[in-house]
Amino acid sequence: MQCGWPLLGPLQWIRYVTKQVKVKAGKDEELRGWLLTVDPVTASLVLVDFGDVGGSSVRVVMGHAVQQVEVLQDADEEMALRLQAVFTPPQTRSLDLDPEQLWRRRDRVRVWLEKNRVPVQEDGDQLTVAGALILSAPYGPDDCCSANQIILDRVQRLLRTDPHHLDPPEDQDRDQDRDQDPDRDQDQD
């Protein structure tokens, strides 16, 4: 592809998506990576580079700076799946927990929020916080959903300060039992 990248439009850009590309941009700058997507408004490219250690880096090349895009190779099925997973959140741990453990965790999080004077209501398997945030299983900071960025940020920070938020469910159950029966530890000693 020669000059005029922004003028090509989405129908031509789609031919470059999920392919490894070499992009010439600006003065003598050459970037390589897998083209994840192209912003239809600005013609900016989102390039992903998978490092040797298993991580990835994401770079945005502004559309107006693109001088040339050259396809180096097509993605195989494995690479296409890796590209799809770049911005997909990791699988939640709720699949590893039985319904009883999820119920305990939801109840513990609800109590923690109420203790910190945050209005929370149970709505089936979800918690509704301040009428503006939904908290789903497994009820961690990454399981919050809200259009209000301020509330989202504050609730996530509050959940991260919960002393039990990183404990495995088994440890939480033992701690809960210990809290309910303080003589239990003395009997075992």
Side-chain angles (χ1 to χ4, degrees), residues 1-97 102 105 109 126-127 129 132-162 164-169:
M1 199 261 8
Q2 297 302 320
C3 292
W5 173 260
L7 302 175
L8 287 180
L11 293 176
Q12 273 73 33
W13 295 332
I14 196 75
R15 290 191 241 162
Y16 294 88
V17 174
T18 66
K19 293 181 173 46
Q20 188 177 34
V21 296
K22 178 171 64 172
V23 179
K24 289 185 181 178
K27 289 189 175 187
D28 303 325
E29 188 174 3
E30 185 175 285
L31 304 164
R32 292 173 186 252
W34 293 91
L35 184 59
L36 182 65
T37 190
V38 179
D39 177 46
V41 175
T42 63
S44 298
L45 294 89
V46 178
L47 296 178
V48 178
D49 185 28
F50 296 103
D52 298 332
V53 185
S56 61
S57 65
V58 178
R59 237 180 158 161
V60 177
V61 181
M62 300 305 291
H64 68 273
V66 175
Q67 294 175 353
Q68 185 177 358
V69 178
E70 178 185 336
V71 174
L72 300 175
Q73 81 181 68
D74 288 350
D76 58 10
E77 189 173 329
E78 180 184 341
M79 183 56 69
L81 290 173
R82 283 181 76 183
L83 286 167
Q84 286 177 345
V86 168
F87 291 113
T88 305
Q91 291 293 328
T92 61
R93 295 170 298 179
S94 66
L95 303 175
D96 299 338
L97 304 175
L102 283 173
R105 185 173 283 186
V109 168
Q126 298 177 330
L127 295 174
V129 180
L133 182 139
I134 302 285
L135 182 57
S136 302
Y139 311 106
D142 295 330
D143 304 310
C144 298
C145 181
S146 177
N148 186 322
Q149 189 63 37
I150 295 170
I151 291 176
L152 177 65
D153 182 54
R154 288 184 181 170
V155 170
Q156 285 177 325
R157 279 193 277 143
L158 183 60
L159 290 174
R160 285 186 185 100
T161 63
D162 180 355
H164 298 292
H165 101 274
L166 292 176
D167 294 345

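Along the sequence shown, residues are numbered consecutively beginning with 1.
- When all heavy atoms of Val48 and Ser56 are compared, the closest pair comes out as CG1-CB, 4.2 Å.
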Residue pair Asp142, Arg160: steps toward the side chain to side chain contact (heavy atoms under 4.5 Å, CB included) verdict: CA-CA 10 Å; Asp142 295 330; Arg160 285 186 185 100; 3.8 Å; yes

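- Checked by atom type and distance alone, the side chain of Ser44 pairs as donor or acceptor with a backbone atom of Gly63 at under 3.5 Å.
- Inter-residue side-chain proximity for Val38 and Tyr16 is flagged as unmet; no heavy-atom pair is nearer than 4.5 Å.
- Here the straight-line distance linking atom SG of Cys144 with atom CG of Leu127 works out to 9.5 Å at 0.5 Å rounding.
- Interatomic distance, Asp153 CG to Asn148 CG, rounded to the nearest 0.5 Å: 10.5 Å.
- In this structure, CD on Glu77 lies 14.0 Å from CZ on Arg82, to the nearest 0.5 angstrom.
- Note: Arg157 CZ to Leu152 CG = 10.5 Å, rounded to the nearest 0.5 Å.
- Put simply, CD on Glu78 and CG on Leu83 are 11.0 Å apart, with the number rounded to the nearest 0.5 Å.
- Within a 6.0 Å sphere centred on CG of Leu81, heavy atoms belonging to other residues, nucleotides or ligands number more than 12.
- Interatomic distance, CZ of Arg154 versus OG of Ser146, reported as 12.0 Å (0.5 Å rounding).
- At most 12 heavy atoms of other shown residues, nucleotides or ligands fall within 6.0 angstrom of atom CD1 in Ile14.
- Nearest heavy-atom pair across Val71 and Val21 is CA-CG1, 4.3 Å.
- The two residues Pro138 and Leu102 make their nearest non-hydrogen contact at CA-CD2, 4.1 Å.
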Determine all donor-acceptor pairs shorter than 3.5 Å in which one atom belongs to a side chain in residues 22-35; sequence neighbours excluded.
none

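- By the 4.5 Å heavy-atom criterion applied to side chains, Val58 and Leu36 are not counted as neighbours.
- Using a 4.5 Å heavy-atom threshold, the side chains of Trp13 and Asp39 count as separate.
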